[in-house]
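This report concerns only the one structure given below.
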Amino acid sequence: MNSSGKFNYFFRGSPLFRVLCFFSAVALILVSVLFISYKLKRIPSIDNINPPIGSPGDVVIITGRNFGGVRGPGYVEFGGSRLTASSYISWNEKEIKVVLPPNVQDGLVVVGTDTARSKPSFFANERDIPVAVPPNPQTSLPVITTLSGDTFRIGDLLVISGSNFGNMNVDCGVYFATVRDDTTNPATTALPFSNTRLSALRADHIPANKTDFDYEYWSDTEIRVRIPDGATSGMLYVETSKGDSALQKITIESKNGGKKFLSRRTYLLQLAANISDVVPDKSATIKMYFPRPSCLSSQPLVEMTECTPEPAIADYQNTVIHQLQAEKNTILARKPFSENFVISVYEINTTVKPELVTSYANMNNMLYTAAIRADKCVPAGDPEIISLSRKITGKEMNPYKKAGLIYNYMLDNYTLQAVKSDVSPALDLIKKKKGDAYDFAVIYTALLRASGIPALPDSGVLVDRDMKTRNHWWSEFYICGVGWIPVDPALGAGLSYKSWTETGNAREYYFGSLDSQHITFSRGWKEIKPGAGNSKIVQRPRSYALQSIWEESSHSTLRYSSFWADPVVLGIY
């Protein structure tokens, strides 16, 4: 009987043999499945190629898994070409080191083993990457070829023709000469900033003001800009991200008046607030809007030196935004916020020849419209304001003289009192004949606007010689050919505070001049839009900034407490 016959005999005649055969077959199948699965799991995979860009001769490290303990039949391809054996430095399960050959190509990198190929990764040959030619600074700097005239006044439109002006952005501007006297009192402590910042101030140039709508058009070959407040005859230049143009001479006449910036003082000012007892019903957000001091021709240096914690947005509509996140079922005990600013402020001295003052026919239309209309702060359209304005100015048509008539009327007919703790409207000043510095500034501005004079209410802090601050408000109005003229009705009316210098007759001085103890935070009412439509808004009336939002919380915030400290002067220099 042959072997085949014996197998058939035992298979038919022995139940035990049949069972053994069955289990042997099952075992063979299982082993085959496990072997195939094991092979499938051993597919190589590339996690990283370092460096991803290289040149011939560089060592490249490929990391990943399932490369195998030894290279054996394994290989690496660069751009479809397999490396020769001499290219391999080392090979193990998780790392392969190779030296790039002279003919290495850009493209996909693949690791192969005896069982599978990895998914491709990418490598670039440094020799084949195009290199940008560095720009020639002589051909990329802005160049001024012509100005649209020889002589200008404050507020006139200047057209600058040339090349390489680029597109208008935060790094671009037109700078004009100005008159500044950097005389200061001796510093009592070391400066909290480098002297190079003060050196920049002594460059005696100011930029055209974006908030005054000075820039009307900007292209690579042409700029249309208004002569800014505070500019004088001298040299102007164009600044872009590529650098500055050569200086160009310009004459700015001052037949009807002019402005000087005198006796600089530099402050280190701290703003602080805190949030506590936050209770949300689910994840909630609270935003704090800290006003930044304004950057002006009379306040040219405004720099944040410290901010705790880091803000969500450092400068949004001249505010610093801090954001606090609160989670459900958690109660936040207290979260402090603070910011320090270095601010340089000049005294403003303005002279005007009333007989040469002209109308607003040629004034920047956007600026005129913004500074003449009624808004949430200035009730210029109120019937009482309009009637009183007409009564005070009568038939007078000269804007400067009308501003003087309104100023004198207010000081003669209204009594100044301490800052009110309530939120009564400023219009109560007309009815009750008494009010605080806020009422005086807002009503004076409203009466000016009702008389056809562009005007702004200003807000900030007043610093006395004991380094104490108080919230304060004043005004400014615009005269063509001169610019913005400051007026402080409250100080003119006899508001008492400790000044560093004698101003003489306060009533006369504060109509047209302003000392360097005023730190400006806002000019005019600032309408900040909320981040969400259903958020809860907190507005702080009669504060050192005139803005619509100070705090914003999401709808899921059930309650929280906030405290805003008065601004603190840490040093005067």
Side-chain angles (χ1 to χ4, degrees), residues 28-143 163-172 219-221 239-245 310 312-314:
L28 180 62
I29 293 172
L30 289 175
V31 169
S32 299
V33 170
L34 290 173
F35 179 79
I36 294 171
S37 299
Y38 175 78
K39 287 294 186 180
L40 290 176
K41 289 180 181 179
R42 299 295 297 171
I43 295 175
S45 175
I46 298 174
D47 294 333
N48 184 53
I49 297 178
N50 185 30
I53 301 173
S55 302
D58 289 350
V59 175
V60 173
I61 301 174
I62 304 171
T63 55
R65 55 190 180 278
N66 299 331
F67 297 154
V70 294
R71 184 168 70 89
Y75 58 88
V76 177
E77 290 181 0
F78 278 77
S81 299
R82 293 191 182 186
L83 299 183
T84 60
S86 61
S87 298
Y88 299 98
I89 299 174
S90 65
W91 185 301
N92 61 44
E93 183 73 15
K94 297 182 178 180
E95 181 182 278
I96 302 170
K97 289 184 181 180
V98 298
V99 176
L100 297 179
N103 62 344
V104 67
Q105 300 294 315
D106 278 336
L108 302 179
V109 178
V110 174
V111 173
T113 65
D114 59 339
T115 58
R117 288 165 58 88
S118 69
K119 290 183 179 180
S121 189
F122 188 79
F123 172 82
N125 189 334
E126 191 173 26
R127 295 184 309 178
D128 299 328
I129 297 175
V131 178
V133 178
N136 183 346
Q138 298 303 317
T139 59
S140 60
L141 290 177
V143 176
S163 59
N164 300 328
F165 297 148
N167 296 316
M168 184 60 178
N169 57 52
V170 294
D171 297 323
C172 295
S219 73
D220 195 53
T221 58
E239 178 189 68
T240 70
S241 58
K242 305 294 184 181
D244 300 342
S245 71
E310 284 294 316
I313 303 177

Distance col, row Asp114:CG vs Tyr75:OH, nearest 0.5 angstrom, shows 10.0 Å

Beyond-backbone contact of Asn164 with Leu141, side-chain heavy atoms, under 4.5 angstrom: no

Within the side chain of Ser87, is there an N or O that forms a donor-acceptor pair under 3.5 Å with the backbone of Pro101? no

Residues at least two apart in sequence or cross-chain that pass ring-ring contact (aromatic ring centres under 6.0 Å, His included) with Phe122, listed by chain then number, are none

So salt bridge (Lys or Arg N to Asp or Glu O under 4.0 Å) across residues 53-79, not counting sequence neighbours, yields Asp47-Arg65, Glu77-Arg82, Glu77-Arg117

Checking Asp220 side chain against Gly166 main chain: does a donor-acceptor pair fall under 3.5 Å? yes

**Asked** Taking the side chain as C-beta and beyond, is there a heavy-atom pair between Asn125 and Pro56 under 4.5 Å?
**Response** yes

Between the CG atom in Leu100 and the CD atom in Gln105, the distance rounded to the nearest 0.5 Å is 11.5 Å

Asn66 side-chain N/O to Ile43 backbone N/O, donor-acceptor pair under 3.5 Å:
yes

Quiz item: Side-chain contact, heavy-atom cut-off 4.5 Å: Thr63 with Asn50?
Solution: no

Of all heavy-atom pairs linking Val76 and Tyr88, the shortest is N-OH, 2.8 Å

Checklist entry - So do the side chains of Ile62 and Ile46 get within less than 4.5 Å of each other, counting heavy atoms only? => result yes

In this structure, OG1 of Thr113 is separated from CZ of Phe67 (nearest 0.5 Å) by 10.0 Å

By ring-ring contact (aromatic ring centres under 6.0 Å, His included), Phe78 pairs with (sequence neighbours left out) Phe123

All heavy atoms of Trp91 vs all of Gly112, minimum pair found to be CH2-O, 4.1 Å

_Do Pro51 and Val60 make a side-chain contact, defined as non-hydrogen atoms from C-beta onward lying under 4.5 Å apart?_
yes

